[in-house]
Each structure stands twice: as C-alpha cells, then as structure tokens.
Amino acid sequence: MPSRAGIILADTKFEFGLIEEELIWIDEALTPDSSRFWPAAGYQPGRAQPSFDKQYVRDHLERIGWNKQPPGPELPRKWSRLHRIIPGSLSAVNGHELK
C-alpha cells in the first residue's frame, strides 16, 4: 500500500520473543517508530533521503557526537514539526487526515 501512495518503505524491524517455547511477535511494526518511510518523489540513490520517520533525529545526534548517555541533548525547536510529519505520512497511506 505505501508504494501506491508514493511512499517507499525503506526498511522495518520485527521483534519476537518466546513464551513457553512458542515464538511470538512482541512489538508494533510498520510504524514511523519501527520503520523508515521515504517519499518516492524525492528518492535519489546514494544519498540520505528525506523521510516520514525519526531518522533525521538519529542523524542529528550522530552528527553532534552525543555519547548516548542521559541526559540527552536538547533538540532544535524547529523540530516540533514532528507532529505534522507523522500525520502527513499516515494520510498519504490511508487517504484520511489524522485529527
């Protein structure tokens, strides 16, 4: 479905566990938290892609050299746009606005 909406599902992760020897799926999947979604219209091989997920935050933290120990660094105020990115990606896939 993402490809029909002009979105590339770049990758995703699935987490599994065992309960009494039975393999079970234990976490969410195919969300902006567990996957990377790229707008197909802007895709260019060999470079970082614009995205509908949190990859830009990971990239920033790597770029500033955060040691991954608390407390985390303050993020730029302009990133408060995250509340607009995720609903935009959802509405691109399902055709409905998030309210």
Side-chain angles (χ1 to χ4, degrees):
M1 183 149 168
S3 66
R4 288 194 310 249
I7 296 174
I8 297 169
L9 173 59
D11 62 19
T12 194
K13 68 174 181 165
F14 296 97
E15 295 183 18
F16 298 91
L18 293 173
I19 294 182
E20 299 177 6
E21 307 293 321
E22 181 181 2
L23 183 66
I24 61 164
W25 181 11
I26 62 170
D27 203 2
E28 44 77 25
L30 303 171
T31 70
D33 193 43
S34 64
S35 307
R36 290 189 300 161
F37 297 94
W38 301 337
Y43 177 74
Q44 293 181 4
R47 69 166 182 84
Q49 307 300 320
S51 64
F52 292 121
D53 53 58
K54 62 186 182 183
Q55 187 62 43
Y56 71 96
V57 176
R58 291 184 193 109
D59 293 345
H60 170 74
L61 295 174
E62 288 295 321
R63 197 169 36 256
I64 67 169
W66 179 46
N67 66 4
K68 300 181 182 174
Q69 298 298 312
E74 189 169 319
L75 298 175
R77 286 186 58 82
K78 66 182 178 181
W79 288 359
S80 64
R81 69 185 179 93
L82 184 60
H83 74 280
R84 292 190 308 267
I85 292 172
I86 292 174
S89 63
L90 292 174
S91 65
V93 171
N94 69 21
H96 301 284
E97 291 296 319
L98 187 61
K99 297 179 183 181

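This one's a predicted model, so the numbers in the text were calculated from it and none came from an experiment. Values below: all heavy atoms of this structure, side chains included; hydrogens, waters and symmetry mates excluded.
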| request: Using the rule that two of Ile, Leu, Val, Met, Phe, Trp, Tyr join whenever any of their side-chain heavy atoms come within less than 4.5 Å, decide whether I19 and F16 are in one cluster. | output: no
| query | Between the side chain of Q49 and the main-chain N/O of Q44, is any donor-acceptor distance below 3.5 Å? | reply | yes
| query | Between the side chain of W38 and the main-chain N/O of A41, is any donor-acceptor distance below 3.5 Å? | reply | no
| note | Between the CG atom in N67 and the CG atom in L61, the distance rounded to the nearest 0.5 Å is 10.5 Å
| query | Measuring from T12:OG1 to F37:CZ, what's the distance to the nearest 0.5 Å? | reply | 6.5 Å
Closest heavy-atom pair and its distance - [X], [Y]:
X   : Y   : result
I26 : G17 : CG2-N, 3.7 Å
G72 : W66 : CA-CZ2, 3.6 Å
R47 : G42 : NH2-O, 2.9 Å

| Summary of salt bridge (Lys or Arg N to Asp or Glu O under 4.0 Å) pairs that have at least one residue in residues 63-76, sequence neighbours excluded | E62-K68
| What pairs of residues pass the side chain to side chain donor-acceptor pair (under 3.5 Å) test when at least one of them lies in residues 13-29, not counting sequence neighbours? | K13-E15, E28-T31, E28-S34
| message | When you compare the side chain of L18 with that of L23, does any pair of heavy atoms fall below 4.5 Å? | response | yes
